[in-house]
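The structure under discussion appears below in the form of structure tokens.
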Amino acid sequence: MTTARRDTYTPETLLSVAVQVFNERGYDGTSMEHLSKAAGISKSSIYHHVAGKEELLRRAVSRALDGLFAVLEEPGAVRGRPVERVEYVTRRTVEVLVCELPYVTLLLRVRGNTRTERWALERRREFDHQVADLLKAAADDGDLRADVDIRLATRLLFGMVNSLVEWYRPHPGTGHDQLADAVVHMAFGGLRTVRD
């Protein structure tokens with residue numbers, strides 16, 4: 001873990017350091033002492049800007065959630081056939097995950113032990129339901145295979161996308177477009193109805 005330099009300390013760098021520590025130690029295993037050491041500032045400096053570590057958690061998971069929910073309002077997510085919309089949302093979800101990897105990783109690791117974690121889990125479920133509704137609409141339109149249970153397909157899709165936080169590491173020369181294309185191709189190549 002790198003230590004932030006005192007002269008470059010900002011609320012944004014503090015948030016970045018906090019997310020790194022939360023992801024390494026777990027939210028429950030992180031103390032304000034851990035955060036102050038990692039940031040290279042005193043605990044009182046942290047308290048000058050935030051009420052405590054739960055506020056840092058809320059800011060961090062909000063960043064991830066805001067990115068995901070913004071996808072649902074983009075033109076590609078609200079116009080066209082449901083199958084095209086869900087493919088778009090899947091692609092963009094992967095892109096948000098890659099761009100906000102530490103924040104989405106933290107979001108996917110919250111367990112519901114605090115008010116903020118329970119709020120984040122509820123928001124995640126809301127996002128998941130909206131994507132599941134798109135999958136169901138695509139199935140109802142006949143664009144997804146009828147022999148695949150839509151609830152199972154939904155869980156498999158979320159499982160594949162969410163698992164990226166555990167293994168994906170950005171490499172120079174490999175863009176998130178390639179990753180998003182691969183996820184959409186693998187998921188919907190097997191789910192889409194073959195048209196004659």
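The first residue in the sequence is number 1, and the count goes up from there.
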Q) Do you know the tightest heavy-atom contact between Y168 and L101? A) O-CD2, 3.6 Å
(Q) What I want to find out is whether E117 reaches R111 closely enough, with some N-O distance under 4.0 Å, to be called a salt bridge. (A) no
Q | For I150 against A139, the heavy-atom pair lying closest together | A | CD1-CB, 4.0 Å
Q: Measure from the side-chain N and O atoms of R109 to the backbone N and O of G26, and report whether any donor-acceptor pair falls under 3.5 Å.
A: no
Q) What's the verdict on side-chain hydrogen bond (donor to acceptor under 3.5 Å, both in side chains) for S42 and S45, showing C-alpha distance, side-chain angles and the deciding distance? A) CA-CA 5 Å; S42 67; S45 293; 3.0 Å; yes
(Q) Are V110 and Y27 packed together at the side-chain level, in the sense that at least one heavy-atom pair is separated by less than 4.5 angstrom? (A) no
Q | Expected output: side-chain D141 to main-chain D143 donor-acceptor under 3.5 Å | A | no
Q) If every non-hydrogen atom of V183 is compared with every non-hydrogen atom of M160, which pair is closest and at what distance? A) O-CE, 4.0 Å
**Q.** Under the salt bridge (charged side-chain N to carboxylate O under 4.0 Å, His left out) test, residues paired with R123 that sit two or more places apart
**A.** E126
(Q) With a 6.0 Å cut-off (strictly less than), is the heavy-atom count around NE2 of H49, excluding the residue itself, greater than 12? (A) yes
Q | Contact summary for R85 and A77, nearest pair of heavy atoms | A | NE-O, 2.9 Å
Q) Under a 4.0 Å N-O cut-off, is there an ion pair linking E87 with R91? A) no
Q. Do T114 and T116 get their side chains close enough for a donor-acceptor pair, meaning under 3.5 Å?
A. no
Q. Where do A120 and V61 come nearest, in terms of heavy atoms and distance?
A. CB-CG2, 4.0 Å
(Q) Tell me every residue that passes side-chain hydrogen bond (donor to acceptor under 3.5 Å, both in side chains) with Y103, counting only those two or more places apart in sequence or in another chain. (A) R63
Q | Where L72 and V78 come nearest, the two heavy atoms and their spacing | A | O-CG1, 3.4 Å
